[in-house]
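The structure under discussion appears below in the form of structure tokens.
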Number of protein chains: 2
Amino acid sequence: MEELDRQIVQLLVKDGRMSYTDLGKATGLSTSAVHQRVRRLEQRGVIRGYAAVVDPDAVGLPMTAFISVKPFDPSAPDDIADRLAGVPEIEACHSVAGDENYILKVRVATPRQLEELLARVRSLAGVSTRTTVVLSTPYEARPPRV
Amino acid sequence: MEELDRQIVQLLVKDGRMSYTDLGKATGLSTSAVHQRVRRLEQRGVIRGYAAVVDPDAVGLPMTAFISVKPFDPSAPDDIADRLAGVPEIEACHSVAGDENYILKVRVATPRQLEELLARVRSLAGVSTRTTVVLSTPYEARPPRV
DNA sequence: GGTGAAAGTCTAAGACC
DNA sequence: GGTCTTAGACTTTCACC
């Protein structure tokens, strides 16, 4: 990716609501040139979208956990990610190398909800689970150095 | 949190660039009422900021891994998170309950860079590491159901 | 790929309920 | 907390280079 695009992406990752005017000032381009570049970056899928970053505590989801899952029947076709796609508590699902097949990142309100979620994940996906509870998060969603 | 605020947060998590005008239409409030509420949500820290969501592959960081770390000397004061705060490859750092003390999520370009990063993490923070490489990510950063 | 200008839309602040 | 109003800023499109 070219230097100017890299700069624009970097700026938008740090502040997704930065105006095209300000992006132009920061990069030395005109407003419309920036606008065009951003549109291309969106079309090419480099920029997937924009999101408000929310404090999970403040919206009633103070409990985070990582759930590693492994199928009961390792010979069955792996449709675990699909089976879990509709579970709203799951924020991320990564297929991984190692002892387990997937790592899920989940957010819930209470330990009781985590217990209920684990039961749901096990029965929906036919997996055993190993859960690591997050105690605190010094930082998260830090902008990548693009 | 109140229903209208919940709605606004939900909408902004899905589209961080949605205009106040459109937020007003979606919630049945006037533009300025929405604007006021958003400003309050930002001030109260419910909304921490806004970010462009970027495709890691497209910006040259196709490799993701989780690194669990444990201090060599468990009796030393725990300043691991601080020591690692300046490492740009680390996207998130969670203190966790369980066998290890922290889980880091990292993004790099190549296996060789991951190797170099692991060495850096170990020596900077005085920890042993256990690394789980991500093979693919069916979904990630899904908007929480606020 | 870039610029610059015009029309339309949105933001932000103030007065008022 | 809410609405309405208004000035100014920003976005978006277009003709042109």
Side-chain angles (χ1 to χ4, degrees), chain A residues 1-62 107 109 140-146, chain B residues 1-62 109 141-146:
Chain A
M1 202 167 47
E2 188 219 329
E3 170 60 17
L4 277 167
D5 283 343
R6 210 192 51 71
Q7 268 184 47
I8 292 171
V9 168
Q10 179 85 72
L11 290 163
L12 281 175
V13 165
K14 274 202 276 211
D15 177 3
R17 294 199 90 155
M18 196 165 174
S19 75
Y20 298 130
T21 309
D22 288 347
L23 284 170
K25 281 178 195 149
T27 53
L29 291 177
S30 75
T31 304
S32 27
V34 170
H35 190 186
Q36 253 182 101
R37 277 175 181 268
V38 171
R39 210 161 22 205
R40 270 197 298 275
L41 287 165
E42 289 168 355
Q43 277 166 2
R44 276 162 40 205
V46 177
I47 295 176
R48 283 189 181 151
Y50 303 88
V53 181
V54 165
D55 177 357
D57 288 16
V59 297
L61 297 170
R107 303 244 195 224
E140 182 174 31
R142 285 211 308 195
R145 189 161 50 61
V146 176
Chain B
M1 201 167 47
E2 189 218 328
E3 170 60 18
L4 277 167
D5 283 344
R6 209 192 51 70
Q7 268 184 48
I8 292 171
V9 169
Q10 179 84 70
L11 289 163
L12 282 174
V13 166
K14 274 202 276 211
D15 178 5
R17 294 200 90 155
M18 195 165 175
S19 75
Y20 298 131
T21 308
D22 288 347
L23 284 170
K25 282 178 196 152
T27 54
L29 293 177
S30 74
T31 305
S32 26
V34 170
H35 189 185
Q36 254 181 99
R37 277 176 182 267
V38 171
R39 208 160 24 207
R40 271 197 299 274
L41 287 164
E42 288 167 355
Q43 277 166 4
R44 277 160 42 203
V46 177
I47 296 175
R48 284 189 180 151
Y50 302 87
V53 181
V54 165
D55 178 357
D57 287 16
V59 297
L61 295 170
R142 282 211 312 195
R145 190 162 48 61
V146 176

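Proteins get letters first, then strands, A, B, ... in listed order; numbering begins at 1 in each. Quick caveat: nothing in here was measured; it's all calculated off a predicted structure.
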Which of the following nucleotides, [options], is nearest to the side chain of [X]?
X	options	result
A:A33	C:dG2, C:dA13, D:dT12	C:dG2
B:Q36	D:dT3, C:dT11, D:dT13	D:dT3
B:T21	C:dT11, D:dT11, C:dG2	C:dT11
B:S30	D:dT3, C:dA12, D:dG1	D:dT3
A:Y20	C:dG2, D:dT11, D:dT3	D:dT11

With respect to the phosphate group of [N], does any side-chain polar atom (N or O) of [X] fall under 4.0 Å of OP1 or OP2?
X	N	result
A:R40	C:dG1	no
A:H35	D:dT12	yes
A:R39	D:dT12	no

Within this structure, what is the [atom1]-to-[atom2] distance between [X] and [N], rounded to whole angstrom?
X	N	atom1	atom2	value
A:E2	C:dG1	CD	C1'	10 Å
B:I8	D:dG1	CD1	C1'	12 Å
A:K25	C:dT3	NZ	C1'	17 Å
B:L29	C:dT11	CG	P	15 Å
A:R17	D:dC10	CZ	P	14 Å
A:D22	D:dA9	CG	P	12 Å
A:R37	C:dG1	CZ	C1'	7 Å

Quiz item: Looking at A:E2 and A:R37, does any basic side-chain N land under 4.0 Å from a carboxylate oxygen?
Solution: yes
Pair B:R6 + B:E3: basic N to acidic O under 4.0 Å: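 Between B:E3 and B:R6 there is a salt bridge, with a charged N closer than 4.0 Å to a carboxylate O.
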Problem - Criterion side chain to side chain contact (heavy atoms under 4.5 Å, CB included) on A:D57 and A:L61, from CA distance to verdict - result: CA-CA 5 Å; A:D57 288 16; A:L61 297 170; over 6 Å; no
| field | Ring-face cation contact, A:Y20 with B:R17, 6.0 Å cut, 45° max | value | yes
* Indicate, with a heavy-atom threshold strictly under 4.0 Å, whether A:S32 touches base, sugar-phosphate, or nothing. => base
Please tell me which of A:T31 and B:M18 maps to the more 5' nucleotide of DNA chain C, matching each residue to the nucleotide holding its nearest heavy atom.
->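 This one resolves to A:T31.
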Original post:
Are A:T31 and A:Q36 close enough, and set up right, to give a side chain to side chain contact (heavy atoms under 4.5 Å, CB included), and what steps lead you there?
Top reply: CA-CA 9 Å; A:T31 304; A:Q36 253 182 101; over 6 Å; no
